[in-house]
Amino acid sequence: MCMTSNSIDTADSEFKAAYFRSVFMLLCELQERRKADSENLLKERQRVIDGLCTIGETAWEIEECMKKWDAEHLPKTSMTNQEKGNE
(Lines give C-alpha, C1' and ligand atoms only; values in the text may rest on other atoms or scores of the structure.)
Protein backbone atom coordinates (compact mmCIF):
# COMPACT_ATOMS: atom_id res chain seq x y z
CA MET A 1 0.00 0.00 0.00
CA CYS A 2 1.46 3.28 -1.09
CA MET A 3 0.52 6.44 0.77
CA THR A 4 0.50 9.67 -1.12
CA SER A 5 2.05 12.83 0.18
CA ASN A 6 -1.42 14.26 0.71
CA SER A 7 -2.60 11.32 2.84
CA ILE A 8 0.60 11.47 4.91
CA ASP A 9 0.01 15.18 5.54
CA THR A 10 -3.60 14.47 6.55
CA ALA A 11 -2.56 11.67 8.92
CA ASP A 12 0.14 13.91 10.40
CA SER A 13 -2.33 16.77 10.88
CA GLU A 14 -4.87 14.45 12.53
CA PHE A 15 -2.20 13.10 14.87
CA LYS A 16 -1.09 16.63 15.82
CA ALA A 17 -4.68 17.71 16.41
CA ALA A 18 -5.34 14.68 18.62
CA TYR A 19 -2.10 15.31 20.50
CA PHE A 20 -2.89 18.95 21.18
CA ARG A 21 -6.46 18.08 22.23
CA SER A 22 -5.04 15.56 24.71
CA VAL A 23 -2.55 18.08 26.10
CA PHE A 24 -5.27 20.71 26.37
CA MET A 25 -7.56 18.31 28.24
CA LEU A 26 -4.76 17.39 30.65
CA LEU A 27 -4.03 21.06 31.31
CA CYS A 28 -7.73 21.71 31.96
CA GLU A 29 -7.84 18.79 34.40
CA LEU A 30 -4.72 20.07 36.17
CA GLN A 31 -6.24 23.53 36.46
CA GLU A 32 -9.45 22.10 37.94
CA ARG A 33 -7.47 20.05 40.46
CA ARG A 34 -5.44 23.10 41.50
CA LYS A 35 -8.62 25.10 41.92
CA ALA A 36 -10.16 22.33 44.07
CA ASP A 37 -6.95 22.06 46.14
CA SER A 38 -6.94 25.81 46.65
CA GLU A 39 -10.58 25.82 47.73
CA ASN A 40 -9.96 22.94 50.15
CA LEU A 41 -6.95 24.76 51.59
CA LEU A 42 -9.01 27.89 52.18
CA LYS A 43 -11.73 25.85 53.88
CA GLU A 44 -9.16 24.17 56.10
CA ARG A 45 -7.63 27.55 56.98
CA GLN A 46 -11.05 28.88 57.95
CA ARG A 47 -11.68 25.79 60.13
CA VAL A 48 -8.42 26.50 61.97
CA ILE A 49 -9.44 30.13 62.54
CA ASP A 50 -12.91 29.05 63.71
CA GLY A 51 -11.35 26.55 66.11
CA LEU A 52 -9.03 29.16 67.56
CA CYS A 53 -11.97 31.53 68.04
CA THR A 54 -13.97 28.78 69.71
CA ILE A 55 -11.29 28.20 72.34
CA GLY A 56 -11.08 31.91 73.08
CA GLU A 57 -7.79 32.90 71.45
CA THR A 58 -7.24 36.62 71.07
CA ALA A 59 -6.95 38.31 67.68
CA TRP A 60 -3.17 38.63 68.16
CA GLU A 61 -2.82 34.95 69.03
CA ILE A 62 -4.92 33.93 66.04
CA GLU A 63 -2.87 36.16 63.76
CA GLU A 64 0.39 34.62 65.01
CA CYS A 65 -0.97 31.08 64.69
CA MET A 66 -2.18 31.78 61.16
CA LYS A 67 1.18 33.20 60.10
CA LYS A 68 2.76 29.91 61.16
CA TRP A 69 -0.02 27.89 59.53
CA ASP A 70 0.31 29.85 56.28
CA ALA A 71 4.08 29.32 56.24
CA GLU A 72 3.57 25.56 56.58
CA HIS A 73 0.58 25.09 54.27
CA LEU A 74 0.43 27.78 51.61
CA PRO A 75 2.49 27.54 48.43
CA LYS A 76 5.72 29.48 48.63
CA THR A 77 4.92 31.35 45.39
CA SER A 78 1.77 32.97 46.74
CA MET A 79 2.17 36.31 48.44
CA THR A 80 -0.31 38.07 50.62
CA ASN A 81 -1.24 41.67 49.92
CA GLN A 82 0.73 42.72 52.98
CA GLU A 83 3.88 40.99 51.66
CA LYS A 84 3.38 42.61 48.25
CA GLY A 85 3.20 46.03 49.89
CA ASN A 86 6.47 45.43 51.74
CA GLU A 87 8.50 44.90 48.58
Quick one: [atom1] on [X] to [atom2] on [Y], what's the gap to the nearest 0.5 Å?
{"X": "Glu64", "Y": "Thr58", "atom1": "CD", "atom2": "OG1", "result": "9.5 Å"}
{"X": "Glu32", "Y": "Lys35", "atom1": "CD", "atom2": "NZ", "result": "5.5 Å"}
{"X": "Met66", "Y": "Leu74", "atom1": "CE", "atom2": "CG", "result": "8.0 Å"}

inquiry  = Go through it in stages, so that I can follow the logic: the residues are Glu61 and Leu52, the test is side-chain contact (heavy atoms from CB on, under 4.5 Å), and I'd like the CA-CA distance, side-chain angles, deciding distance and then a yes or no.
reply    = CA-CA 9 Å; Glu61 292 167 328; Leu52 292 170; over 6 Å; no
Just list the side-chain donor-acceptor pairs under 3.5 Å for residues 15-25, sequence neighbours left out, or say none.
{"residue": "Lys16", "atom": "NZ", "partner": "Asp12", "partner atom": "OD2", "Å": "3.4"}
{"residue": "Ser22", "atom": "OG", "partner": "Ala18", "partner atom": "O", "Å": "3.0"}

ask   = Sequence neighbours excluded, which residues qualify as side-chain contact (heavy atoms from CB on, under 4.5 Å) partners of Glu44?
value = Arg47, Val48, Trp69
[X]: side-chain hydrogen bond (donor to acceptor under 3.5 Å, both in side chains) partners, not counting sequence neighbours:
{"X": "Glu29", "result": "Arg33"}
{"X": "Thr54", "result": "none"}
{"X": "Asn40", "result": "none"}
{"X": "Arg45", "result": "Asp70"}

ask   = Take atom CD in Gln31; do more than 12 heavy atoms of anything else shown fall under 6.0 Å from it?
value = no
query = Does the side chain of Leu41 come within less than 4.5 Å of His73's, by heavy atoms?
reply = yes
request  = Evaluate side-chain contact (heavy atoms from CB on, under 4.5 Å) for Leu42 paired with Gln46, printing each intermediate quantity in order.
outcome  = CA-CA 6 Å; Leu42 290 174; Gln46 188 59 52; over 6 Å; no
